Amino acid sequence: MALTESAPAVPPAAHAPEGGRTATETGAHEGILRRQSLRESAARTYARSLPIVPVRARGLTIEGADGRRYLDCLSGAGSLALGHNHPVVLEAVRKVLDSGAPLHVLDLATPVKDAFTTELFATLPAGLADDARIQFCGPAGTDAVEAALKLVRTATGRSGLLSFTGAYHGMTAGALDASGGATDVRVTRLPYPQDYRCPFGVGGDRGAELAARWTENLLDDPKSGVPTPAGMILEPVQGEGGVIPAPDAWMRRMREITASRSIPLIADEVQTGVGRTGTFWAVEHSGVVPDVMVLSKAIGGSLPLAVIVYRRALDAWKPGAHAGTFRGNQLAMAAGAATLAYVRENKLADRAATLGARMLGRLQGLAADHPCVGDVRGRGLMIGVELVDPYAEDPGSPAPPADPALAVAVQRECLDRGLIVELGGRHSGVVRLLPPLTLTDEQAAAVLDRFADALAAAERAHRPGPPTRARSTHRRNATGPSH
Ligand code: PMP
């Protein structure tokens with residue numbers, strides 16, 4: 001494909017000749033990592049599991065200060081739709097820099113912002129685009145979530161919120177409260193449908209229907225203790241929650257349930273947007289048109305940018321209701337507009353759907369040979385492999401218990417082989433792949449080869465074989481998206 005970068009033959013890091021690295025490079029790499037661990041906070045995350053020092057990057061490939069090269073399937077936690085330093089992104093950024101345009105403008109109008117908004121509106125689901133308003137938020141996804149919550153609370157005059165088990169919406173107070181692990185009394189957490197660990201023990205369409213009925217019942221039962229809320233927030237595919245695609249029929253049920261009760265529906269597309277799941281926005285799979293969309297990550301073309309777009313009727317908040325100094329990042333808007341246009345013009349969402357389905361198929365093949373692979377699922381290029389202990393039982397779940405230690409071991413073995421992957425899931429047992437949408441067939445094959453190799457090595461080291469009196473009464477299946 002002409003639109004994808006050529007696939008550099010990156011040697012597996014562990015096998016890269018040591019001679020390729022000078023002592024100075026290795027020393028700089030180690031010194032930087034040592035100083036990081038001495039000076040940075042205990043709250044740092046990726047830096048712990050990925051002890052690399054990126055110095056150059058292009059497309060799928062990152063080069064470390066030690067000269068090693070890695071295939072990056074973390075993609076800035078899903079923000080690099082076009083991979084690192086894509087030429088159209090660099091060109092857009094350079095154009096702004098060379099033009100003498102101000103880089104900091106608060107929320108003033110600029111030609112760059114105007115072009116970004118036009119491009120974004122051109123991608124929105126019909127039915128929202130015609131009637132939409134946009135609010136530029138502080139630069140992180142979590143700030144846009146806060147804005148969305150404030151917007152619907154102001155517009156409805158209500159305070160409660162519906163969210164879902166396993167959700168992740170960010171780290172600021174309101175977004176964290178809406179996420180799965182929180183306990184805010186204003187937030188009612190509803191069951192998110194999942195096939196593999198279905199809370200009703202049945203999975204499939206039936207499990208999703210039961211989840212929908214639970215929601216409906218809670219809203220209609222005058223003694224449920226759940227007054228009509230200000231909104232419902234959901235991820236069309238839960239990312240951090242373990243790559244769990246919501247069934248399309250369930251999404252439509254959520255739309256009906258909220259619409260018929262005048263509850264604004266907020267789709268958090270921070271991670272699923274810009275082609276990632278095989279449609280430009282993940283809500284398009286189900287045809288659902290939400291009232292509010294929360295967007296960040298890929299819309300900034302690798303630079304920080306976050307917005308909400310919403311129906312005009314909700315625009316009842318007052319000037320300054322959601323402010324923030326850094327709402328006018330011109331470079332991010334230029335990089336974002338270029339990314340949105342490139343994904344649209346080159347039909348990268350379709351490409352993500354096709355390639356993602358093929359990768360899922362190959363991963364499902366792996367599941368047949370590795371009992372520790374409990375489930376393989378995803379949508380487009382948002383893929384998860386849930387690792388389990390197949391010889392243990394979890395009385396509370398229809399599936400065997402997750403194996404977070406094995407997931408960590410697989411991540412480490414991947415890194416040794418020059419592959420960067422992410423971990424996630426409710427029980428931290430899901431290995432996640434979020435490659436750029438520009439991934440070539442050749443690169444996809446290289447990613448899967450390394451992953452397969454890493455999985456086999458981790459499994460061998462971690463659990464040499466079944467216990468002598470092994471018993472596993474669990475269903476062990478490998479499912480793709482059930483849509
Ligand atoms: N919503 C979703 C669905 C996310 O995946 C994330 C980040 N992983 C956020 C919100 C928060 O975004 P940020 O980290 O930029 O605050």
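In each ligand, atom 1 is the first atom listed, and ligand 1 is the first ligand listed. Computed from a predicted structure; not experimentally measured.
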| Between the side chains of His169 and Asp268, is a donor N or O closer than 3.5 angstrom to an acceptor N or O? | yes
| task | State whether a side-chain donor-acceptor pair under 3.5 Å links Trp281 with Thr123. | result | yes
| query | With a 4.0 Å cut-off on heavy atoms, does Lys297 reach ligand 1? | reply | yes
| request: Report, in ascending order of atom number, the atoms of ligand 1 lying under 4.0 Å from any heavy atom of Glu235. | output: 3 (C)
| query | Can you name the nearest heavy-atom pair linking Tyr196 to Gly374, along with the distance? | reply | OH-CA, 3.1 Å
| said: My question is simple, although I want it checked carefully: is atom 14 (O) of ligand 1 less than 4.0 angstrom from any protein heavy atom? | reply: no
| Side chain, backbone, both or neither: His169 near ligand 1, heavy atoms under 4.0 Å | backbone
| query | Just one of Ile233, Leu314, Leu128 clears the side-chain contact (heavy atoms from CB on, under 4.5 Å) bar with Val292, so which one? | reply | Leu314
| query | Which atoms of ligand 1 have any heavy atom of Gly170 under 4.0 Å away? | reply | 11 (C)
| request: For Tyr192 and Arg426, work out which heavy atoms get closest and say how close. | output: CB-NH2, 4.2 Å
| Check ion pair Glu40-Arg35 (N to O, under 4.0 angstrom) | no
| task | Please work out whether the ring planes of Trp214 and Phe200 are parallel, tilted or perpendicular, with thresholds of 30° and 60°. | result | tilted
| Numbering as shown, the atoms of ligand 1 that approach Thr142 to under 4.0 Å (heavy-atom distance) | 11 (C), 12 (O), 13 (P), 16 (O)
| query | Is any N or O atom of Glu240, backbone or side chain, closer than 3.5 Å to an N or O atom of ligand 1? | reply | yes
| task | Using a strict 4.0 Å cut-off to heavy atoms of Gly141, name the atoms of ligand 1 that fall inside it. | result | 12 (O), 13 (P), 15 (O), 16 (O)
| note | Atoms of ligand 1 under 4.0 Å from any heavy atom of Asp268, numbered from 1 in the order shown, are 1 (N), 2 (C), 3 (C), 10 (C)
| query | Side chain or backbone of Val270 under 4.0 Å from ligand 1, or both, or neither, by non-hydrogen atoms? | reply | side chain
| Which of the atoms of ligand 1 are close to Gln271, meaning less than 4.0 Å from one of its heavy atoms? | 5 (O), 8 (N)
| task | Answer yes if the side chains of Asp315 and Tyr310 hold a donor-acceptor pair under 3.5 Å, and no otherwise. | result | yes
